[in-house]
Number of protein chains: 2
Amino acid sequence: MGRKRLQESADGRPTVHTVAARAGVSIASASRVLNGVGGSPETVRKVREAAAEVGYVPNAIARSLQSQRTGLIALAVEDIGNPVYVEMMRAIEEVVAASGRQLLVHATGGQIANETALLRRLAHRYVDGMIVSPIRVTDDHLAALVDSPVPVVVIGQLGADAPVDNVRTDSRTGVCLAVDHLVAAGRRRIGFVNGPLDTVPGAARDAGFRAALAAHGIEVDERLVEVGDFQYAAGRAATERLLARARPDALVCANDLIAVGALHALLAAGHRVPSDVALVGMDDTELARMMFPQLSSVSLGSAERGRRAAELLLQRIADPTLPPRREQVPPSLAVRASSAAVPDVSPLFVPAPAAPPTPEVTA
Amino acid sequence: MGRKRLQESADGRPTVHTVAARAGVSIASASRVLNGVGGSPETVRKVREAAAEVGYVPNAIARSLQSQRTGLIALAVEDIGNPVYVEMMRAIEEVVAASGRQLLVHATGGQIANETALLRRLAHRYVDGMIVSPIRVTDDHLAALVDSPVPVVVIGQLGADAPVDNVRTDSRTGVCLAVDHLVAAGRRRIGFVNGPLDTVPGAARDAGFRAALAAHGIEVDERLVEVGDFQYAAGRAATERLLARARPDALVCANDLIAVGALHALLAAGHRVPSDVALVGMDDTELARMMFPQLSSVSLGSAERGRRAAELLLQRIADPTLPPRREQVPPSLAVRASSAAVPDVSPLFVPAPAAPPTPEVTA
DNA sequence: CAAACTCCCGGAAACGTTTACAGCAATCAG
DNA sequence: CTGATTGCTGTAAACGTTTCCGGGAGTTTG
């Protein structure tokens with residue numbers, strides 16, 4: 001009796017009270033020492049000792065309640081398995097970690113409901129700020145973004161006058177870069193494997209593809225356009241459908257996962273890349289360089305966008321009165337073997353011998 | 001004056017006090033209604049109305065301080081870009097989300113310091129539990145795990161008697177599966193591209209490789225063994241070094257990223273896969289299926305391990321007195337084209353024409 | 001030597017919730 | 001008609017921290 005068990009927390013772990021009592025000082029002094037502000041040498045020594053003896057570690061939640069900050073930044077992306085988001089994430093991580101905060105990654109699966117639900121959860125103040133890269137945007141989604149209680153930065157296209165910090169690229173122009181490059185290399189039957197048209201990037205890339213062809217006076221052959229989603233399997237399936245009905249001499253893909261699927265489909269169907277069909281992906285992820293042949297790809301500056309978004313967010317957290325800002329990262333094209341001007345990477349694709357040296361298994 | 005600005009929070013957002021005052025009830029009643037326990041119909045109506053009018057959303061931090069739970073689960077992995085962790089993460093996320101919690105993902109970069117630092121931060125109670133998949137383990141690391149204030153589950157090998165929940169696989173045996181398969185296919189000059197030997201999986205796989213060869217009475221040719229780290233680029237470089245000094249007829253790789261690097265190196269050096277060199281990766285990630293030819297790979301059940309770890313963690317959170325448990329997920333081998341018994345996937349690798357149909361660019 | 005200043009300390013009030021407890025009115029059983 | 005039960009309600013005490021504020025001791029200045 002007496003100390004009324006104010007000494008330690010419910011689960012028996014030491015609190016600042018424990019430390020203070022043990023050091024024979026007030027909790028105020030203990031807290032000050034623990035935070036490194038003030039305290040006489042003697043007090044500092046006693047508190048430090050007491051803290052070490054009981055193994056005190058401050059409760060971050062209580063601290064957050066007091067300081068109104070959690071030190072957490074959330075990142076919501078559609079698909080955590082897409083390497084483009086991995087690169088974005090790494091860039092964001094770097095900036096966020098440098099500011100002494102932690103990154104909380106959340107995959108939305110592209111479901112818009114998920115994302116608004118997430119925003120609502122954030123309204124609960126578990127994070128100091130959020131970066132979100134939505135692929136679909138509706139009005140109430142936008143509304144949720146605008147009056148979010150915590151700062152939000154959006155990576156991706158957003159309505160022109162949305163009062164939200166925004167880092168975007170121009171994937172429409174990005175597709176044009178790819179088409180220009182292919183046309184310059186003499187390709188004419190250029191196909192396009194896109195993601196869903198009801199997504200923001202899907203729509204922009206479709207528009208870019210058509211505009212680019214038009215600019216070169218090439219009419220769009222709808223049999224050369226196919227849609228799946230932004231995944232590998234869908235890209236492969238879409239390419240197979242496309243190849244079943246048309247004969248492109250080049251393929252632009254709406255992202256690298258699709259491009260890898262397309263490469264697989266092309267090779268499996270006996271087409272050579274790039275001599276029969278040139279291939280250009282988009283996002284310029286590590287995956288493009290991992291393929292054989294390495295894939296040309298339109299860089300949309302994902303790491304750069306991530307970095308800038310993180311910086312914007314940190315600035316807004318520091319000063320919430322800032323006017324909404326918008327930054328743009330230009331696309332660029334990385335030309336690699338899959339669309340190289342030279343007809344083929346022939347020495348690498350060694351032909352199988354006409355007669356296999358080992359007995360055939362079937363037949 | 002009078003209400004002493006107790007009505008709203010520091011930044012002007014409504015609190016339960018705001019709602020209570022507006023509804024003309026006590027904060028206790030307001031809180032009860034908001035949590036859906038008790039309250040007369042009339043009170044419920046008034047509180048609901050007031051809450052809606054002011055746009056009240058509860059402060060999760062304050063709630064956590066009270067309830068001692070945050071609803072957050074942390075996952076610490078080495079490299080968020082490695083598809084094996086993506087799969088693990090997806091499985092964990094599923095279980096975690098089903099329990100109404102959120103997953104916080106943290107990349108450690110394999111730095112042991114990072115990981116202990118993370119554990120220390122966790123000691124600060126921001127998360128209700130943690131899943132960690134360390135590739136290096138030291139004693140004080142282990143100590144930090146053992147007396148972590150929040151429940152921890154480790155995915156990976158751990159000292160036999162470590163009193164920590166643990167989900168493991170047997171990658172040693174996994175390598176044996178790969179070697180057995182290759183030997184059965186008639187390969188004898190089997191190479192091994194491993195990750196760092198000072199990591200737990202690196203060491204286990206090295207041991208497995210040597211044991212497997214010994215079991216088949218094959219002597220280890222050290223020129224056929226190379227080490228990099230668990231990344232694509234390192235795998236490629238290591239394979240190039242290996243190929244520069246030896247001529248394997250099969251290659252076992254310590255994970256799929258390395259295997260992809262090896263495939264790239266092999267093809268670039270003019271070797272056919274699998275007819276010249278058979279290739280087997282490890283982890284059986286989506287990446288293995290994305291390659292051409294598709295890679296054989298030893299599955300270590302990453303998704304399954306993730307799922308089980310998450311379940312173990314949730315059970316421990318529910319009942320912290322549970323004795324430490326250990327689960328094991330057996331490896332299995334997925335045989336695909338890269339090590340198929342048939343000599344080659346020849347029709348797919350169409351030879352480039354002897355004389356290119358288009359003029360050569362250089363010379 | 002008095003006044004002003006500097007340090008350091010402890011008490012207590014936040015931060016925004018949930019919840020144990022007690023009071024009170026209304027209903028019910030006897 | 002009284003006593004017990006029920007159902008709501010409000011007061012207040014937590015949760016573990018940080019921090020404002022006033023007071024006391026010691027030091028400098030005029």
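Proteins come first, then strands; the chains are lettered A, B, ... in the order of their sequence lines, and each starts at number 1.
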(Q) Test of understanding: with side chain to side chain donor-acceptor pair (under 3.5 Å), list the residues that count as partners of T70(A), not counting sequence neighbours. (A) D128(A)
Q.
Output the rounded distance in Å from OH (Y126(B)) to C1' (dG16(D)).
A. 13 Å
**Q.** Distance below 4.0 Å between Q66(B) side-chain N/O and dA13(D) OP1 or OP2
**A.** no
**Q.** Nearest-nucleotide pick for T15(A), side chain only, options being dT17(D), dA14(D), dT9(D)
**A.** dT17(D)
Q. How many Å lie between CD on Q68(A) and P on dT17(D), as a whole number?
A. 17 Å
**Q.** For atom CZ of R63(B) and atom P of dA14(D), their distance in whole Å
**A.** 22 Å
Q: Give a yes/no answer on whether the side chain of N35(B) brings an N or O atom under 4.0 Å of OP1 or OP2 in dT18(C).
A: yes
(Q) From CD1 of I61(B) over to P of dG16(C), roughly how many Å is that when rounded to an integer? (A) 10 Å
Q: Rounded to the nearest angstrom, tell me the gap between atom CG in L65(A) and atom P in dA13(C).
A: 17 Å
Q) Looking at dG10(D), does its base get a donor-acceptor pair with the side chain of R32(B) below 3.5 Å? A) yes
Q.
For D319(A), is the CG atom crowded, meaning more than 12 foreign heavy atoms sit under 6.0 Å from it?
A. yes
**Q.** R101(B) versus S99(B), side-chain donor and acceptor atoms under 3.5 Å
**A.** yes
Q: May I ask you to decide whether R326(B) forms a salt bridge with D161(B), counting only side-chain N to carboxylate O separations under 4.0 Å?
A: no
Q.
Would you say that more than 12 heavy atoms from the other residues, nucleotides or ligands in this model lie under 6.0 Å from the CD of E94(B), or not?
A. no
Using residues 24-34 of chain A as the side-chain source, report each donor-acceptor pair under 3.5 Å to any protein atom, sequence neighbours left out, with the distance given to one decimal.
from: S26(A); atom 1: OG; to: A28(A); atom 2: N; distance (Å): 3.4
from: S26(A); atom 1: OG; to: S29(A); atom 2: N; distance (Å): 3.2
from: S26(A); atom 1: OG; to: S29(A); atom 2: OG; distance (Å): 3.4

**Q.** Rounded distance (Å) that lies between atom P of dC15(C) and atom CZ of R13(B)
**A.** 16 Å
Q: Whole angstrom is fine here: how far is it from NZ in K46(A) over to P in dC8(C)?
A: 14 Å
Q) Would one find a side-chain N or O of S40(B) under 4.0 angstrom from OP1 or OP2 of dT9(D)? A) yes
Q. Can you list, by residue number, the residues of residues 24-31 of chain B that have a non-hydrogen atom closer than 4.0 angstrom to DNA chain C?
A. I27(B), A28(B), S31(B)
Q: For salt bridge (Lys or Arg N to Asp or Glu O under 4.0 Å), just list the numbers for E304(A) and R307(A), CA-CA rounded to whole Å, side-chain angles, deciding distance to a tenth of an Å, and then say yes or no.
A: CA-CA 5 Å; E304(A) 176 69 8; R307(A) 199 179 57 70; 2.9 Å; yes
Q: Can you tell me the distance, in whole Å, between the CZ atom of R69(A) and the C1' atom of dT18(D)?
A: 12 Å
